[in-house]
Amino acid sequence: MSSSLSPAAAAAPLDLDGNSVAPLTICMIGAGGFIGSHLCEKLMAETRHVVLAVDVYCDKIRHLVDPAPPHLAGRISFHRLNIKNDSRLEGLIKMADLTINLAAICTPADYNTRPLDTIYSNFIDALPVVKYCSENSKRLIHFSTCEVYGKTIGSFLPKDHPLRKEPEFYVLKEDESPCIFGPIVKQRWSYACAKQLIERLIFAEGAENGLEFTIVRPFNWIGPRMDFIPGVDGPSEGVPRVLACFSNNLLRREPLKLVDGGQSQRTFVYIKDAIEAVVLMIENPARANGHIFNVGNPDNEVTVRELAQMMTEVYANVSGEAPLDEPMIDVSSSQFYGEGYDDSDKRIPDMTIINKQLGWNPKTPLKDLLETTLTYQHKTYKEAVKRQMSQASATS
């Protein structure tokens, strides 16, 4: 088995306090998605842990599980099930030392058009996972979202108010910042509200029943295998998140659509940096249990318009194709997402807690992670997009 591990993992692993890290069996729900696929790869390459990979699809981890390579035999297995109504779920959680729940509907276009599915997926469907972990005394790492913060305090001040530039009015702190959502008619907040409620339930299980938990709030993790390209490996009418949305426009040589002028500010962190933080949570329960962690990169802060400009420039270098004369167009949120859409102005994470507890800091600058990601997108999708566009024009 040692031949399948990196030299670092082959040596006796230690946690941050110098204690030996025992091999764990991990039930990973949502293992076939973007984050799950990168986490599975990391755990297989650099640790001794065993993964019970639970998902409906395994396309992004097929190279690990269908079938498992000989050197990973006994270390990863795929369990095809939908956690909504499957009696096998509790058995898998009982078999594991730790459950990681990544399952979610997490695409902004769905929050407006599928609010019921969004609420069920992110709250109702997560209830059995929390229940089984609590009843069987199993540790839980639950993935939430930075969207639970909603709108910043500063967003309610006049646009030219000097306090909007003060960090205490926009930097988001896990244990201090309020969660401020829009009105009920703005169904965009269905996702954030469901995620906040499951966080509160997990926290209550910890307080009343002793559940050992860690909650992760990702701030725009991006990299290869994120989301899908509409009409290629996802529905033609699908609207993925911003990076895949812009990638799709670039691959098709279409202008990038900036919702409401692209003025919202966001931070972006490289998936491989973020996965290192998750491994630290897995292997340091004494430092991670009972905590909520922001995982992002405040140094990679841009407006969505600036992101579009950077992606246009980087993709031109990656592909060798000159940018369009008009590389961006503005669209309203109601045109793009439908009525009922709302948004937050800024999402800037405070990193104090994760740095103190786990010593983690992100490393990859935004331009570098965009180069890596867009190189992957171009190599993986360009020819498939050409074929799809040719077929579409032939039938029109």
Linking I/L/V/M/F/W/Y whenever their side-chain heavy atoms sit closer than 4.5 Å, directly or via other members, would [X] and [Y] fall into one cluster?
{"X": "Val269", "Y": "Val148", "answer": "no"}
{"X": "Val242", "Y": "Tyr191", "answer": "no"}
{"X": "Leu127", "Y": "Ile29", "answer": "yes"}
{"X": "Leu81", "Y": "Leu102", "answer": "no"}

Do [X] and [Y] have side chains that get closer than 4.5 Å, going by heavy atoms?
{"X": "Met95", "Y": "Leu52", "answer": "yes"}
{"X": "Val129", "Y": "Thr99", "answer": "yes"}
{"X": "Leu258", "Y": "Ile329", "answer": "no"}
{"X": "Leu324", "Y": "Pro255", "answer": "yes"}
{"X": "Leu370", "Y": "Met310", "answer": "yes"}
{"X": "Met28", "Y": "Leu39", "answer": "yes"}

Have [X] and [Y] got a donor and an acceptor in their side chains that come within less than 3.5 Å?
{"X": "Thr267", "Y": "Asn300", "result": "no"}
{"X": "Arg347", "Y": "Ser344", "result": "yes"}
{"X": "Thr303", "Y": "Gln265", "result": "no"}
{"X": "Arg225", "Y": "Gln377", "result": "no"}
{"X": "Asp233", "Y": "Tyr381", "result": "yes"}
{"X": "Ser332", "Y": "Gln335", "result": "yes"}
{"X": "His49", "Y": "Glu283", "result": "yes"}
{"X": "His63", "Y": "Glu41", "result": "yes"}

Counting only heavy atoms from other residues, nucleotides and ligands, does the tally under 6.0 Å from [atom1] of [X] exceed 12?
{"X": "Lys173", "atom1": "NZ", "result": "no"}
{"X": "Arg253", "atom1": "CZ", "result": "yes"}
{"X": "Tyr120", "atom1": "OH", "result": "no"}
{"X": "Tyr57", "atom1": "OH", "result": "no"}
{"X": "Lys257", "atom1": "NZ", "result": "no"}
{"X": "Asn85", "atom1": "CG", "result": "no"}
{"X": "Phe203", "atom1": "CZ", "result": "no"}

Qualifying residue, where the test is ring pair (Phe, Tyr, Trp, His ring centres under 6.0 Å) with Trp221 and the options are Phe34, Phe143, Tyr270, Phe268: Phe143
Audit row: Asp110, Thr118, side chain to side chain donor-acceptor pair (under 3.5 Å) steps and yes/no: CA-CA 7 Å; Asp110 289 327; Thr118 299; over 6 Å; no
Near-ring test Tyr341/Trp189, centroid separation under 6.0 angstrom: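 Ring centres of Tyr341 and Trp189 not closer than 6.0 Å.
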Ring centres under 6.0 angstrom apart (His378, Tyr315):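 So the answer is yes for these two rings.
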From CA spacing to verdict: side chain to side chain donor-acceptor pair (under 3.5 Å), His142, Ser144: CA-CA 6 Å; His142 181 82; Ser144 184; 5.5 Å; no
Summary of salt bridge (Lys or Arg N to Asp or Glu O under 4.0 Å) pairs that have at least one residue in residues 298-308, sequence neighbours excluded: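 Counting only pairs at least two positions apart or across chains, the salt bridge (Lys or Arg N to Asp or Glu O under 4.0 Å) contacts touching residues 298-308 are Glu301-Lys346, Arg305-Asp330.
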Mutual orientation of the aromatic rings belonging to Tyr149 and Phe219 [parallel < 30°, tilted 30-60°, perpendicular > 60°]: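 The rings of Tyr149 and Phe219 sit tilted, inter-plane angle from 30° to 60°.
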Pair Asp345-Thr152, side chain to side chain donor-acceptor pair (under 3.5 Å): steps then yes or no: CA-CA 7 Å; Asp345 56 328; Thr152 64; 2.9 Å; yes
Salt bridge flag under 4.0 Å for residues Lys363 and Glu276: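 Looking at Lys363 and Glu276, the cut-off is met.
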Polar side-chain atom of Arg164 near backbone of Leu157 as donor-acceptor pair, under 3.5 Å: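 Yes: the side chain of Arg164 pairs with the backbone of Leu157.
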Reference residue Glu147; test salt bridge (Lys or Arg N to Asp or Glu O under 4.0 Å); the match among Arg241, Arg266, Arg188, Lys195: Arg188
Minimal non-hydrogen separation, Arg48 against Pro13, with atom names: NE-CD, 4.2 Å
Closest approach of Ile93 to Cys133 (non-hydrogen atoms, all atoms of both residues): CG2-SG, 4.0 Å
